[in-house]
Amino acid sequence: MPPLFVDRRGLLMGASALAFAPRIAFAAAATDRRFVFVIQRGAADGLQMLMPVGDPAFAAARGALAQDAATATKLDAMFALHAAMPEVARLYAGGQALFAHAIASPYRDRSHFDGQNVLETGGTAAYQQRSGWMNRLLALLPAQEAQAIAVSATIPMALRGDREVASYAPSSLPDASDDLLRRVTALYEGDRQLHAIWSEAMQTRMLAGDLSGGGGRAGADTGALAAKLLAPADGARIAMIETGGWDTHTGQRQRSAAQLKGLDALIASLRTGLGPLWDRTVVLVATEFGRTVAVNGTGGTDHGQASAALLLGGGVKGGRILADWPGLALAALYEGRDLKPTAALDAFIAGALAEQFALDPARVGATLFPKALSGPAMSGLVRA
Amino acid sequence: MTPQTIALHRFGLGATPEDRAPDDPRGWVTAQFARFDPRPAPIAATRTALQAAADLVAFQQQRREVRTATSAGATPMAPPPKPADDPELKAQRRALRQDHYAATADARLAAALASDTPFVERMVFFWANHFAVSADKQTVTPLAGAFEFEAIRPHVLGRFGDMLSAVARHPAMLLYLDQAVSVGPDSLRAQRAAMQGRRRGLNENLAREILELHTLGVGSGYTQGDVTEFARALTGWTVAGLGGGGNADLPPGTFLFVPGLHEPGARALLGRRYADDGLAQGQAILNDLAVHRATARHIATKLTRHLAGDQPPAAMVDRVAAAFLSSGGDLPTVYRALVASPEAWAPGPVKFLTPWEWTVAAGRATGQRRVPPGSTLGLLDQLGQPMWRPGQPNGFDDLAATWAGPDAVMRRVEAAQRIAARTPPVDARALAEQLHPGALSAATAQAIARADSPAQALALLLVAPETLRR
């Protein structure tokens with residue numbers, strides 16, 4: 001089983017995408033800064049990854065999910081990190097992991113696909129921007145640095161746009177089942193009803209990805225692959241890794257633990273694979289929106305608003321948690337159910353990128369998030 | 001589709017490797033009437049409703065005993081063990097599910113896979129769903145299969161009225177729609193209860209659903225007054241051992257008319273007066289409902305939808321309703337009107353298979369005969385149409401919108417892969433041509449031809465548009 005859920009995207013697109021050969025542009029780089037965006041598709045629960053254990057309402061509001069606090073790693077008086085993320089805990093202790101909590105994109109509805117479109121295009125509404133903010137970032141970089149790659153068979157929205165972007169997927173043969181799915185896609189191609197039904201079925205399947213496969217091994221393989229693509233001097237400077245399986249409407253405790261373990265393994269193998277380049281790398285982990293504060297009837301949570309985002313890397317001014325904490329008391333919740341957004345993901349991303357690539361923050365904001373009303377890019381996130 | 005494949009797939013249950021394209025497609029359908037076996041071997045081997053009822057009574061008895069024992073042994077410090085934990089009770093509950101519910105489900109599938117009268121079998125499934133009971137009610141679970149085998153199958157080629165009467169007297173229906181506990185407000189039983197300070201009364205559930213779902217149809221003009229009058233007429237119809245009728249000297253599950261539960265007096269509904277003849281009063285109403293003009297339309301509409309498409313053509317509905325009325329609800333006459341209707345032979349596929357239909361079609365296509373014990377319930381659960389468990393008395397929908405969904409199709413693809421994996425290797429290219437003679441699309445033929453293994457080719461055939469629709 002290939003480690004990437006994005007591999008299934010290739011299935012959806014048909015044989016041509018699977019046959020996509022690695023295309024990495026070779027060019028001397030002016031600097032050796034790297035940026036990786038790990039997208040958590042499916043709405044990852046920031047309250048489960050980074051638990052506000054110091055909030056008086058926490059235990060009551062989170063029900064059975066609060067039990068994970070017992071084994072979590074205390075980061076400060078308010079927050080504790082899920083026990084499935086020892087690598088991130090180490091990076092935090094070493095000042096290389098920076099969290100932002102109660103943070104969200106401008107999207108305030110609850111559709112995965114629309115929410116991911118806003119997160120990836122940098123618009124304030126779905127389908128408002130026609131290209132992705134990562135692609136527009138390339139225009140701001142010196143030509144020799146502007147090499148980007150998607151660790152997937154096709155180019156995700158965040159990397160789409162005028163600039164050419166490569167993609168790379170593991171070449172191992174899909175297992176029989178995935179092969180059958182691809183053939184069914186071809187079989188239904190000319191059938192209007194079944195084609196529509198099947199496209200939707202495959203999209204849903206993509207959301208239930210297998211980052212958590214093999215007890216974290218799938219995540220580790222993905223991180224190692226991405227490091228291989230980023231590490232060479234003539235390799236890509238910017239990469240995007242897609243992860244799925246975060247849509248935990250049921251059995252969230254077990255599923256989250258497996259997902260977070262996979263993510264932690266991905267980060268660990270990325271850091272190991274990059275070696276000394278880790279000091280010049282910034283990794284952003286973010287999701288389209290968060291999940292409800294309360295547990296639903298099936299041990300899961302439903303689509304919500306604010307979540308947590310994470311910056312990692314040797315140059316990150318970490319060991320901190322940025323949070324204008326809104327609180328979990330019922331009266332403090334967004335629409336009485338969700339963590340209220342008090343920080344703008346746009347400003348967080350723009351600030352990190354401006355500092356990482358020594359760009360004018362105002363210009364980064366205007367290019368990547370042209371319609372954003374969230375105020376200026378944040379500062380003090382990454383060392384110059 | 002061709003007339004041959006329409007006969008095999010739309011009227012039948014899908015072709016088997018033994019089937020040959022019929023020379024006379026319409027005659028192929030109607031010739032099945034003479035051959036139909038209401039009790040084929042797999043079904044004859046299952047337990048009856050009376051056996052299920054006996055096991056149900058034993059289970060209820062055991063449960064009462066466990067409850068009494070545990071509440072007697074409780075102390076403030078040691079809460080009583082849950083009755084559900086009693087091992088004997090657990091074993092009985094499991095047996096009710098395995099020996100009756102699961103076994104009858106397997107038998108239904110085995111009979112459908114082997115049947116050489118697939119149109120009549122299709123009609124059995126149609127009527128069992130028309131008169132739906134739902135196995136999610138505990139007393140119905142072990143009876144649901146026997147209901148189809150005892151109340152539907154013997155009458156599928158008889159009169160609608162006889163089927164209706166058999167349904168209304170079967171313990172599964174009497175228990176499912178609460179008729180078994182309905183008491184006439186002025187009956188002897190209610191008066192006696194009132195003297196002891198208890199209230200016993202009417203339950204309108206079965207009367208309402210007979211009018212709304214089984215006969216006249218919703219919006220056909222009957223009133224709440226008609227429902228109540230019908231419910232009063234039906235009081236006294238109950239089940240020995242399991243209903244409100246007490247433990248008469250009859251085996252549990254036997255249909256029983258208890259005069260002491262019956263509401264005295266004549267009844268008036270739908271402009272007619274029914275004298276108080278005890279059991280005969282309710283039966284007289286059923287007889288009239290069975291041949292009512294609105295019933296004919298209601299049934300004709302559903303049958304037409306089943307064979308000519310989700311939007312039933314009005315002309316065909318009229319024709320089938322006329323056949324129903326003129327024959328007094330003689331079902332073979334009604335079926336002949338269906339077969340004679342050109343709308344049912346429209347060349348495009350007109351229906352998307354339900355999970356049950358697809359299970360049967362896939363099994364027949366792969367020549368399966370054996371059903372692993374206990375496998376049917378699980379498969380149908382996974383495919384999204386839990387067997388005999390629609391959850392509501394109106395049964396499962398007969399519309400593509402209900403069944404043609406992303407998750408449903410994905411599950412069929414997964415199931416197809418499993419079915420293909422355990423089928424002995426066949427040449428799916430030849431099989432596809434044989435099952436859909438002259439009606440196979442180029443896309444399907446190509447996908448099958450390009451498959452990388454015989455099993456994959458077969459799986460693709462099982463989820464091809466030709467197999468998913470009829």
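A, B, ... follow the sequence lines: proteins, then strands. Residue 1 opens every chain.
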Original post:
Is the number of heavy atoms from other residues, nucleotides or ligands under 6.0 Å of B:Q311 CD greater than 12?
Top reply: no
Original post:
Is a side-chain donor or acceptor of A:R183 paired with a backbone partner of B:R450 at a separation under 3.5 angstrom?
Top reply: yes
Original post:
Listed by residue number, which members of residues 355-364 of chain B have a heavy atom under 4.5 Å from any heavy atom of chain A?
Top reply: none
**OP:** May I ask you to test the A:L181-B:M410 pair for a side-chain heavy-atom distance under 4.5 Å?
**Re:** yes
Original post:
More than 12 non-hydrogen atoms from neighbouring residues, nucleotides or ligands closer than 6.0 Å to CZ on B:R422, yes or no?
Top reply: yes
**OP:** May I ask you to check whether over 12 heavy atoms, not counting those of A:R337, lie within 6.0 Å of atom CZ?
**Re:** yes
**OP:** Could you grab the distance from atom CD1 of A:I197 to atom CH2 of B:W403, nearest 0.5 Å is fine?
**Re:** 13.5 Å
Original post:
For A:R108, does the CZ atom have more than 12 heavy-atom neighbours from other residues, nucleotides or ligands under 6.0 Å away?
Top reply: yes
Original post:
Of the non-hydrogen atoms in A:L187 and B:A447, which two are nearest, and what is the gap between them?
Top reply: CD1-CB, 3.7 Å
Subject >> Exercise: identify the closest heavy-atom pair between B:A400 and A:Q193 >> reply: CB-NE2, 4.5 Å
Original post:
Most heavy-atom pairs under 4.5 angstrom with chain A, which of B:T444, B:V413, B:I448?
Top reply: B:V413
Original post:
Which of residues 458-469 of chain B have a heavy atom under 4.5 Å from any heavy atom of chain A?
Top reply: B:A459, B:L460, B:V463, B:A464, B:P465, B:L468, B:R469
